[in-house]
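First comes the structure, then the notes that go with it.
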Amino acid sequence: MSISLYRTETIETDGTEMAEPTEQRNELTLDELFRQLERMHTPEGYKVEIVEGAVYMTPQRDVHWQTIRRIVRALEDRFGMDVLVTSDVRITFPGEGNGFAPDVAKIADGAEKDEFGRWRHQDIEFIAEVISKGTAHNDYGPKKKAYALAEVPVYVIADPYLGRCRVFTEPQDGDYKLDLTVVYGMPVDLTHTVAGITLATDDFPRD
């Protein structure tokens, strides 16, 4: 597999993140591209992902992290401290040039890493992404499609700007059959899913 490298830098202006793509002529495999990115200087506090061959560098805000922390804590309260949960860890997903680092990913008990030392998308049971203004289109678009193709059973998007969660379940044919919106302040009941938790959103921070 080869992908064209489109480097996207996130620029902050008055609280708004703007994407500015620059095309390079060379083609790289996903692993080669990540190796090049590892050799580059990434500003502290930024997350780097590759979405459909484009590189996104987004800042981690306090609101972003506080939301992630509450979701991880809900998983730990339900499954214990040994639950397999990652945050901002690279996982390769279906589609060309998709190397995502989900904000929260719960991995099935007993899962093992592949020969490259990475978790397999086939073993992921739950993903949560917290919206950033500059990359919201990824969470609702190509990431949602890739997660559905990977048959991730539960995908939650927390949006601190709109104060709501979108819950996608029952993946089929590259999309989710069920799409539920829950406003902050109401519980997100996932007890009927493999995630097995209820997210209390009363104290989810807003931006």
Side-chain angles (χ1 to χ4, degrees), residues 8-19 34 37-38 40-51 54-91 93 98-107 118-119 121 124-144 146-147 152 154-168 181-188 190 195-207:
T8 303
E9 295 180 352
T10 302
I11 302 172
E12 292 189 53
T13 56
D14 298 327
T16 302
E17 299 164 17
M18 301 172 61
F34 269 109
L37 290 168
E38 288 172 359
M40 295 170 58
H41 173 69
T42 301
E44 186 176 353
Y46 278 71
K47 178 173 78 169
V48 177
E49 294 185 293
I50 302 175
V51 181
V55 179
Y56 289 85
M57 185 183 299
T58 53
Q60 297 288 61
R61 300 176 181 274
D62 287 341
V63 166
H64 199 93
W65 165 241
Q66 292 302 326
T67 306
I68 292 171
R69 189 168 68 89
R70 284 162 171 76
I71 296 171
V72 171
R73 182 169 181 175
L75 289 166
E76 291 174 345
D77 287 346
R78 170 64 178 82
F79 296 103
M81 290 298 294
D82 292 332
V83 61
L84 287 177
V85 176
T86 67
S87 179
D88 295 347
V89 173
R90 174 195 165 188
I91 300 170
F93 285 91
N98 284 330
F100 305 158
D103 289 326
V104 181
K106 180 186 180 299
I107 300 160
R118 293 192 287 270
W119 296 110
H121 67 75
I124 298 176
E125 298 179 330
F126 166 84
I127 283 178
E129 299 280 15
V130 183
I131 289 293
S132 294
K133 283 184 179 179
T135 55
H137 61 285
N138 286 337
D139 296 320
Y140 287 111
K143 280 191 172 185
K144 173 174 166 281
Y147 293 153
V152 175
V154 183
Y155 173 37
V156 174
I157 299 175
D159 191 329
Y161 303 100
L162 297 177
R164 69 185 187 189
C165 290
R166 290 277 294 277
V167 182
F168 301 97
T181 299
V182 181
V183 298
Y184 280 13
M186 299 293 293
V188 179
L190 301 174
I197 61 174
T198 297
L199 291 175
T201 64
D202 307 73
D203 59 351
F204 271 26
R206 295 172 181 252
D207 204 342

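- Proximity of a side-chain donor or acceptor of Thr201 to a complementary backbone N or O of Gly185 within less than 3.5 Å is detected.
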- prompt: When you look at Ile71 and Phe204, which way does the side chain to side chain contact (heavy atoms under 4.5 Å, CB included) test go after all the steps?
  reply: CA-CA 9 Å; Ile71 296 171; Phe204 271 26; 3.9 Å; yes
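- Partner Tyr147 forms a ring pair (Phe, Tyr, Trp, His ring centres under 6.0 Å) with one of Phe100, Tyr140, Phe168 and no other, that one being Phe100.
- At most 12 heavy atoms of other shown residues, nucleotides or ligands fall within 6.0 angstrom of atom CG in Asp82.
- In this structure, Asp203 and Arg70 approach most closely via the heavy-atom pair O-NE, 3.1 Å.
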task: Please report the C-alpha distance between Leu199 and Val182 in whole Å, then the side-chain angles of each, then the deciding distance to 0.1 Å, and finally whether the side chain to side chain contact (heavy atoms under 4.5 Å, CB included) criterion is met.
output: CA-CA 11 Å; Leu199 291 175; Val182 181; over 6 Å; no
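- Rounded to the nearest 0.5 angstrom, Leu75 CG and Leu84 CG are separated by 11.0 Å.
- Nearest approach of Tyr184 to Cys165, heavy atoms of both residues: CE1-SG, 3.8 Å.
- A heavy-atom distance below 4.5 Å is found between the side chains of Phe93 and Pro102.
- Rounding to the nearest 0.5 Å places OG1 of Thr86 at 11.5 Å from NZ of Lys106.
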- prompt: Are Asp103 and Thr67 close enough, and set up right, to give a side chain to side chain contact (heavy atoms under 4.5 Å, CB included), and what steps lead you there?
  reply: CA-CA 10 Å; Asp103 289 326; Thr67 306; over 6 Å; no
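- The closest side-chain donor-acceptor pair between His64 and Asp207, if any, does not fall under 3.5 angstrom.
- The minimum heavy-atom distance between Gln66 and Pro205, with the atom names listed, is CB-CG, 3.8 Å.
- Between atom CE of residue Met186 and atom CZ of residue Arg164 there is a gap of 15.5 Å, rounded to the nearest 0.5 Å.
- In Asp62, the CG atom is not crowded: 12 or fewer heavy atoms of neighbouring residues, nucleotides or ligands sit closer than 6.0 Å.
- Counting heavy atoms from C-beta on, the side chains of Val85 and Phe126 never come closer than 4.5 Å.
- Taking NZ from Lys144 and CD1 from Ile127, the interatomic distance works out to 13.5 Å, rounded to the nearest 0.5 Å.
- Taken to the nearest 0.5 Å, the NE2 atom of His121 stands 13.0 Å off from the CD1 atom of Ile107.
- In this structure, the separation between CD on Glu129 and CG on Asp159 is 12.5 Å, given to the nearest 0.5 Å.
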